[in-house]
Amino acid sequence: MYFRAAFAAFLFLISYPAMAQVELVFDPTNRSGPIVVKAMQASFERDTGITRFQGNVVVTQGGMKLTCDDAVVKTAFPEFSEIESIAVEGNVVMQNNRGSASAAYGTFFVQQGELRLRHNVLIRTDTYTLGGEEYVYNLDTGVSSISGNAAADLKISEQ
């Protein structure tokens with residue numbers, strides 16, 4: 001119950017012809033700020049509550065930025081009042097103020113505040129690099145895990 005769709009968002013996707021881009025804004029009821037999804041094109045399936053974004057997709061919320069080739073936003077059907085999940089695919093990169101994560105695909109479960117990245121996952125911060133097949137990050141608690149051939153490279157400084 002974290003998010004309510006902005007009133008005009010489902011009436012029609014806002015198109016910016018000069019930028020050849022569409023944008024969908026979801027207003028949250030929490031402190032993290034709105035979820036904004038931008039892409040080159042989008043289509044909305046009224047019967048399922050699914051919006052498909054294609055081409056240079058950028059998803060932002062607060063200090064988190066997620067980019068990918070394609071995304072599927074699933075909203076609570078039939079009200080379309082909440083985002084349930086955002087599935088991302090192709091050149092997936094998530095960035096926040098602590099580092100970045102990349103993978104082939106993943107899913108952001110909005111109501112649970114959980115991001116799951118899969119296949120060739122690489123996590124980078126100033127102090128370590130982690131790799132593996134699946135990365136799970138809880139945005140609310142900051143707890144994360146990596147599994148499947150996990151490896152780490154730590155930078156330890158002498159004091």
Side-chain angles (χ1 to χ4, degrees), residues 1-3 5 9 13 21-26 28-45 48-77 80-159:
M1 292 39 115
Y2 287 94
F3 302 93
L13 293 172
Q21 191 175 64
V22 293
E23 178 177 302
L24 193 57
V25 177
F26 294 87
T29 58
N30 69 10
R31 68 191 183 292
S32 299
I35 292 179
V36 179
V37 184
K38 296 180 182 182
M40 298 305 288
Q41 61 184 19
S43 62
F44 175 64
E45 299 171 9
T48 62
I50 291 175
T51 305
R52 297 180 191 283
F53 292 88
Q54 297 173 314
N56 300 322
V57 179
V58 178
V59 179
T60 57
Q61 182 184 30
M64 182 193 75
K65 178 181 178 181
L66 192 142
T67 60
C68 61
D69 295 335
D70 300 299
V72 175
V73 175
K74 182 177 181 191
T75 55
F77 182 77
F80 315 122
S81 60
E82 299 172 351
I83 299 176
E84 292 178 354
S85 64
I86 303 173
V88 293
E89 185 174 313
N91 300 306
V92 176
V93 176
M94 185 213 54
Q95 299 173 310
N96 63 22
N97 61 351
R98 295 174 14 203
S100 68
S102 62
Y105 54 95
T107 305
F108 177 26
F109 297 97
V110 176
Q111 294 174 357
Q112 293 88 353
E114 182 178 277
L115 175 67
R116 289 183 172 264
L117 298 177
R118 292 179 295 284
H119 194 61
N120 295 327
V121 177
L122 186 62
I123 313 298
R124 294 177 192 243
T125 71
D126 290 340
T127 55
Y128 62 85
T129 301
L130 298 174
E133 283 302 306
E134 182 175 38
Y135 175 68
V136 179
Y137 176 64
N138 186 299
L139 281 74
D140 296 328
T141 65
V143 175
S144 63
S145 66
I146 193 157
S147 60
N149 298 319
D153 179 19
L154 303 175
K155 298 174 187 172
I156 301 172
S157 61
E158 294 183 26
Q159 301 213 25

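What you see below is based on every heavy atom in this structure, not just the backbone, and it leaves out hydrogens, waters and symmetry mates.
- With sequence neighbours left out, the side-chain contact (heavy atoms from CB on, under 4.5 Å) criterion links Asn96 to Met94, Arg98, Tyr137.
- Listed by chain and number, the residues in a side-chain contact (heavy atoms from CB on, under 4.5 Å) with Ser145 are Val136 (sequence neighbours excluded).
- Considering only residues two or more places apart in sequence or on other chains, Thr125 meets the side-chain contact (heavy atoms from CB on, under 4.5 Å) condition with Thr127, Tyr128.
- Between Ile123 and Ala101, the shortest heavy-atom contact is CD1-CB, 3.3 Å.
- Here the CD-CG distance, from Glu134 to Leu117, works out to 9.0 Å after rounding to the nearest 0.5 Å.
- Interatomic distance, Gln112 CD to Ser85 OG, rounded to the nearest 0.5 Å: 9.0 Å.
- The distance from atom CD of Glu89 to atom OG1 of Thr107, rounded to the nearest 0.5 Å, is 10.0 Å.
- Around CZ of Arg124, the count of heavy atoms belonging to other residues, nucleotides or ligands within 6.0 Å does not exceed 12.
- A distance of 8.0 Å separates CD1 of Ile50 from OG1 of Thr75, quoted to the nearest 0.5 Å.
- Each of Val59, Thr51, Val22 was scored for a side chain to side chain contact (heavy atoms under 4.5 Å, CB included) with Val37, with one residue passing: Val59.
- Not a single side-chain hydrogen bond (donor to acceptor under 3.5 Å, both in side chains) links Ser102 to another residue, sequence neighbours left out.
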Side-chain donor/acceptor pairs under 3.5 Å, residues 62-74, sequence neighbours excluded:
residue : atom : partner : partner atom : Å
Asp69   : OD1  : Asn91   : ND2          : 3.3
Asp69   : OD2  : Asn91   : ND2          : 2.9

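- The CD atom of Gln111 sits 6.0 Å away from atom CD of Glu84, with the distance rounded to the nearest 0.5 Å.
- How far CZ of Arg116 is from CZ of Phe108: 13.5 Å, rounded to the nearest 0.5 Å.
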Does Val57 form a side chain to side chain contact (heavy atoms under 4.5 Å, CB included) with Val88? I'd like the steps, not just the answer. CA-CA 9 Å; Val57 179; Val88 293; 5.9 Å; no

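- Listed by chain and number, the residues in a side-chain hydrogen bond (donor to acceptor under 3.5 Å, both in side chains) with Asn138 are Thr141 (sequence neighbours excluded).
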